[in-house]
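Below: the structure, in structure tokens.
Note on naming: letters A, B, ... go to the chains in the order of the sequence lines (proteins, then strands), and numbering restarts at 1 for each one.
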Amino acid sequence: MQIDRSHLRIRELGEEALAGLSQRPARTLLTMLGTVLGVGAFVAILGLTSTATGQISSAFSPLSATQVDVQDTGPAGNGQGLQTDSPRRDDFPEDADQRVERLNGVVHAGVWWKVHSQDGQPVSVAANPPNAVDNANAESGSVDIYAASPEALAAMRPTITMGRSYDAFAENRAEHVVVLSESTAQRLGISRIDAQPAVFLNGVPYSVEGIFSDVNRLPEVLLGMVIPTTTAKHDFGLPTSGDPAHMLIETRLGAARLVASQASIALSPEQFDRFKAIPPPDPHALKDRVASDLNALFLLLAGITLAIGAVGIANTTLVSVLERTGEIGLRRSLGARPRHIASQFLAESTAIGALGGLIGTALGVGTVISVALAKNWTALLSPSAVLPAPLIGAVVGLAAGTYPALRAARIEPVEALRR
Amino acid sequence: MTSATCAAPPVVDLRGVARTYQGPSPVTALHPVELRIGVGEHVAIIGPSGSGKSTLMNLIGLLDRPTAGTYLMDGVDTSQISERDRTALRGHRIGFVFQAFHLMPHRSCVENVMLAQLYTSRRPKATRRANAIEALVQVGLGHRLEAHPGTLSGGERQRVAIARAIVNRPKLLLADEPTGNLDSSMAHSVLDILDNLIADGLTLLVITHDATVAARARRTVRIADGRLTETQTGATGAG
């Protein structure tokens, strides 16, 4: 056969499809509406949920997302970590703070515990020497005493209102210094520290270095006072098994999970399940959980809208096939093959879907951004949700156009030209 | 254009071609037909409506397949080739002119004529546009290239359709009631243009029920009840 077979270039197919669509702009726009709404809802829902959950995680992130708590799980061979024969122990190595602070991403790391006196009795706390007048103003039991290394104290992020917190010097020398919470200071009648007041713990004087009004971490110390760990060991002994020592680590934002995985190894290289580092909850896991709860229903709704949009496209394309029967006959007489006719109508419906998807995506993104602006949020749009959205429209258009296109291809030119 | 030579096969060679529509009671629309149309001939097929004119035109135009017989189009046995090749043959070697014009209302004259080259020509768009303009000039519409069909008279619309039919330089021009929708003065201008095309070597087959249209042809074939009877008329026209 020496005849050059019929063909249709992709570019010309596109041009024919666009020419077909632009003949009836109002109808084309109305046909798009379903896809616009469906894809728009899709993008808006995904964008709004990710934006909203982003706000949730940013609310807790600065504090808890940068905190790692290391617990002592007890010596090997003792799963409970509670040894009745030696109720007091401190298994954190001497240089625990330095070991952990060497890790990349650590801001402060320090050991702390709640202090109990040797005899099991509550520690008596007083602002005056024990035998000065009487024990009338001696507080006991209701004031908690915490031992914390200077780094642990720093990791608590206290708001010091008067004086200062103690430093490594006091820690190394086991100085008798104390930092009071504001409420404890009020109860003890201490309102200023320029007179170098002292607090008597079991009769031993501790000079008040500073007073803090608030802490960002370990809020329990707000009802008590903090002394250096070396001093606590000297005066009150090791931590009890009921209140074992912990390590508090402040990390840089985003480093918490990595630091948690490394801290237990750094503390005990020979037995790295000796210490258990508890990272903050994974923000992604939390976000996903919130998002999936919120999304399911709305996405179903968007899917239904999209399906209605598909039906709309199918309907309009079918009507247009019937209307343009004469044109189909003409094209067949001019050498078009059935597949050329089918591909033209498919291209038209796909273009409607893709254009609708594009407009819908723009509207969805606009909605997310305006809501975020109105609420002073940071708009969070994941590219994996936004970029495929116009494609979804195109797929919807392609699927919707399949039946009308097949109908158009099956029209006999003889029948078509009879009109 | 190719001119008629002794060696050239007939453009249309129907050998016992018949068409029967199947159904509960089969209808024979066309009884076995023998018809040969040589290169450069001007043939009119005349008959009342329902006589099988359209069936014959669809068979010759490769829009329909005969149920019996052999049809050689320009020497190619069309019963032996695939539907794809029949479509290509139709696009390249046959030009259609319809009674209802079948112009695309939203496209200009040039764009309407260019449509005929969409599926058949591999040349760049600029060349096709030049070809379309040339065809429009040939039918006397060089001044209305960018006009839309809605702004044209009936005669002008049919001339656009003729330009579209000849732009691919077909062997055969099939005109189905080309003047059916036109008044007599417009009909004359359209028929004059068709006459000029024959002078250029085109083969023309006009299907009509109008005796004045048929009178212009050198050969007239009457069709009635699906049967052909040829009357050799020494008609007017260039010879």
Side-chain angles (χ1 to χ4, degrees), chain A residues 1-28 320-348 351 408-419, chain B residues 19 21 54-55 57-59 61-65 73-78 80-107 111-125 128 161 164-165 167-168 170 174 176:
Chain A
M1 194 68 217
Q2 70 276 39
I3 298 260
D4 188 11
R5 282 174 174 165
S6 299
H7 62 274
L8 185 58
R9 292 192 189 95
I10 295 290
R11 214 189 105 205
E12 282 167 349
L13 172 65
E15 285 173 7
E16 288 294 312
L18 285 185
L21 292 181
S22 58
Q23 280 171 17
R24 289 194 165 79
R27 182 199 279 190
T28 302
S320 133
V321 166
L322 297 178
E323 268 181 3
R324 288 156 67 185
T325 304
E327 180 192 325
I328 294 169
L330 171 73
R331 287 176 186 270
R332 293 294 300 279
S333 80
L334 293 175
R337 293 169 57 197
R339 66 173 55 179
H340 296 146
I341 303 294
S343 58
Q344 185 184 342
F345 284 100
L346 265 186
E348 286 187 17
R410 256 188 252 125
I411 290 177
E412 285 296 322
V414 172
E415 301 293 319
L417 290 168
R418 193 169 287 165
R419 313 215 167 183
Chain B
R19 181 69 167 93
Y21 290 105
S54 297
T55 304
M57 151 124 182
N58 290 336
L59 288 173
L62 297 174
L63 294 170
D64 197 4
R65 276 178 183 270
M73 161 84 210
D74 200 20
V76 178
D77 186 352
T78 60
Q80 299 295 316
I81 61 177
S82 66
E83 192 57 46
R84 183 159 66 161
D85 288 329
R86 283 166 61 87
T87 302
L89 204 60
R90 188 195 306 145
H92 283 277
R93 303 214 181 153
I94 303 174
F96 290 87
V97 177
F98 306 100
Q99 179 178 359
F101 317 138
H102 283 304
L103 296 176
M104 309 266 283
H106 297 277
R107 302 195 187 188
E111 286 167 345
N112 264 290
V113 177
M114 284 172 74
L115 190 67
Q117 303 165 291
L118 181 64
Y119 305 100
T120 53
S121 172
R122 293 184 190 276
R123 298 205 197 100
K125 213 168 177 179
R128 284 186 274 153
R164 184 181 62 200
V167 73
N168 281 340
L174 265 183
D176 184 8

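- Taking a 6.0 Å sphere around CZ of A:Arg27, one finds it holds more than 12 heavy atoms contributed by other residues, nucleotides or ligands.
- The candidate with the highest count of non-hydrogen atom pairs below 4.5 Å against chain B, out of A:Arg9, A:Glu412, A:His340, is A:Arg9.
- Interface remark: of the candidates B:Thr87, B:Leu62, B:Asn58, B:Leu63, B:Thr87 forms the most heavy-atom pairs closer than 4.5 Å to chain A.
- In terms of heavy-atom proximity, A:Ser6 sits nearest to B:Ala88 at OG-CA, 3.7 Å.
- Side chains of B:Asn168 and A:Leu334 form no contact here, defined as non-hydrogen atoms less than 4.5 Å apart.
- Side chains of B:Lys125 and A:Glu15 form a contact here, defined as non-hydrogen atoms less than 4.5 Å apart.
- Residues A:Glu327 and B:Leu103 are not in side-chain contact: their nearest non-hydrogen atoms beyond the backbone lie 4.5 Å or more apart.
- Other residues, nucleotides and ligands contribute at most 12 non-hydrogen atoms within 6.0 Å of the CZ atom of A:Arg339.
- In this structure, the side chain of B:Arg122 does not engage the main chain of A:His7 through any donor-acceptor pair within 3.5 Å.
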Inset, instruction - Could you give me the CA-CA distance, side-chain angles and deciding distance for A:Val414 and B:Thr55, then say whether side-chain contact (heavy atoms from CB on, under 4.5 Å) is met? - result: CA-CA 9 Å; A:Val414 172; B:Thr55 304; over 6 Å; no
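- Side-chain contact between A:Leu417 and B:Phe96 is absent, with no heavy-atom pair separated by less than 4.5 Å.
- Using a 4.5 Å cut-off on side-chain heavy atoms (C-beta onward), A:Leu8 and B:Leu118 make contact.
- Proximity to chain A (any heavy atom under 4.5 Å) is shown, for B:Ser54, by neither the backbone nor the side chain.
- Listed by chain and number, the residues in a side-chain hydrogen bond (donor to acceptor under 3.5 Å, both in side chains) with A:Glu16 are A:Arg331, B:Arg107 (sequence neighbours excluded).
- Between B:Tyr119 and A:Gly335, the shortest heavy-atom distance links the atoms CB-O, 3.7 Å.
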